[in-house]
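Shown next, in structure tokens, is the structure this report addresses.
For reference, positions follow the sequence shown, starting with 1. Atoms within each ligand, like the ligands themselves, are counted from 1 in listed order. Values reported hereafter were calculated over all heavy atoms of this structure, with side chains retained and with hydrogens, waters and symmetry mates removed.
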Amino acid sequence: MKNISQKSWFSLSIKNNNSINLDFLYFKFYKYLIGTTELNGKYIFYFDSSNIKIVKKILDSKLKEFHFEIKNLKYENWHKKYQENFQIIDINHKLKIVPDWYDIDYNHDIDYIRIVPGMAFGTGHHETTQLIIKSLLDIIKPGFKILDLGAGSGILSIAALKFGASYVKAIEYDQDCEENFIENMILNNIKSNYSLEINDVLLNKDFSYDLVVANINKNVILDLLPIIYKYKKNKFKIILSGLLLNDEKVVVKLLSKLDFKVLNTVKMGEWLCLIVE
Ligand SMILES: C[S@@+](CC[C@H](N)C(=O)[O-])C[C@H]1O[C@@H](n2cnc3c(N)ncnc32)[C@H](O)[C@@H]1O
């Protein structure tokens, strides 16, 4: 937690009623979010104070109909609350995602991913991350070379290496994620067999991998698919997420136009994950 301990924070809270779509809000904020929690009938989103202007701009331009309460937070309260509310994530009793401060009582039949919740997206709490990890567990074979597009915290790269990948190339365009990515690799004792490129995934032309995972969003995925189609030399599977259920039609239409076959569709809440070849 060293990244966040020296900073000041603010929270946006909104009453949890049936008309609130948490995933929709999450999607608007995820780039700037430090964490979320549900407390006393409210959804609470936490941000670094340095992001107050951009978050207010999002509220004014895109979320006018929502009534958020904004609060500045003292570090001590925030830190404690955050730790108390951070849930351990269990993926099919095969993998647990655990925050860095938690003492693990290791069970040798289970893999563990340790995550420092930092500036990057990817604590494992989001449905899209979980959907991809579950699909990864089904598909990966020892020795696979994997391309992780929109790597964020590195959580999918770490999962891939834990599940037997021989190499992972991660691409992420947000420079702020780099420190958190490397921190998480170190925390998971991963010293080699990966590289992180800070770049736009749409500039990548090398698809000589056994499996591509892309947890990004509809627009980037719609731009990415023709690029994969153009540059791919071999057959491989792609796990796509960051997609809302509403995005299914348009993405599947493009996939079929490009001759990709949808092998499986999995859903969690409002979120969609497509396994494609
Ligand atoms: C939904 S998060 C996924 C993070 C992590 N892979 C996970 O599954 O939890 C999407 C990530 O993609 C990055 N991203 C979005 N558009 C991108 C682009 N065009 N090129 C590279 N990274 C991009 C964002 O900065 C963000 O870190």
Practice prompt. Keeping the roles fixed (side chain from Asn264, backbone from Ile275), state whether a donor-acceptor pair exists under 3.5 Å.
Written response: no
Worksheet item: Any idea which residues sit under 4.0 Å from ligand 1, heavy-atom distances?
Response: Phe121, Gly122, Thr129, Gly150, Ala151, Gly152, Ile155, Leu156, Glu172, Tyr173, Asp174, Asn199, Asp200, Val201, Asn215, Ile216, Val220
Worksheet item: Ignoring hydrogens and geometry, is there a side-chain-to-backbone donor-acceptor pair from Tyr112 to Asn107 under 3.5 Å?
Response: yes
Worksheet item: Does Asn180 use its side chain to pair, donor to acceptor, with the backbone of Val116 at less than 3.5 Å?
Response: yes
Worksheet entry | Phe47 vs Tyr32, ring pair (Phe, Tyr, Trp, His ring centres under 6.0 Å): CA-CA, chis, key distance, verdict | CA-CA 6 Å; Phe47 304 88; Tyr32 310 99; 7.6 Å; no
Practice prompt. Specify whether Phe207 and Phe236 have parallel, tilted or perpendicular ring planes, treating 30° as the upper limit for parallel and 60° as the lower limit for perpendicular.
Written response: parallel
Worksheet item: Can you list the residues that meet the salt bridge (Lys or Arg N to Asp or Glu O under 4.0 Å) rule with Lys169, with sequence neighbours excluded?
Response: Glu197
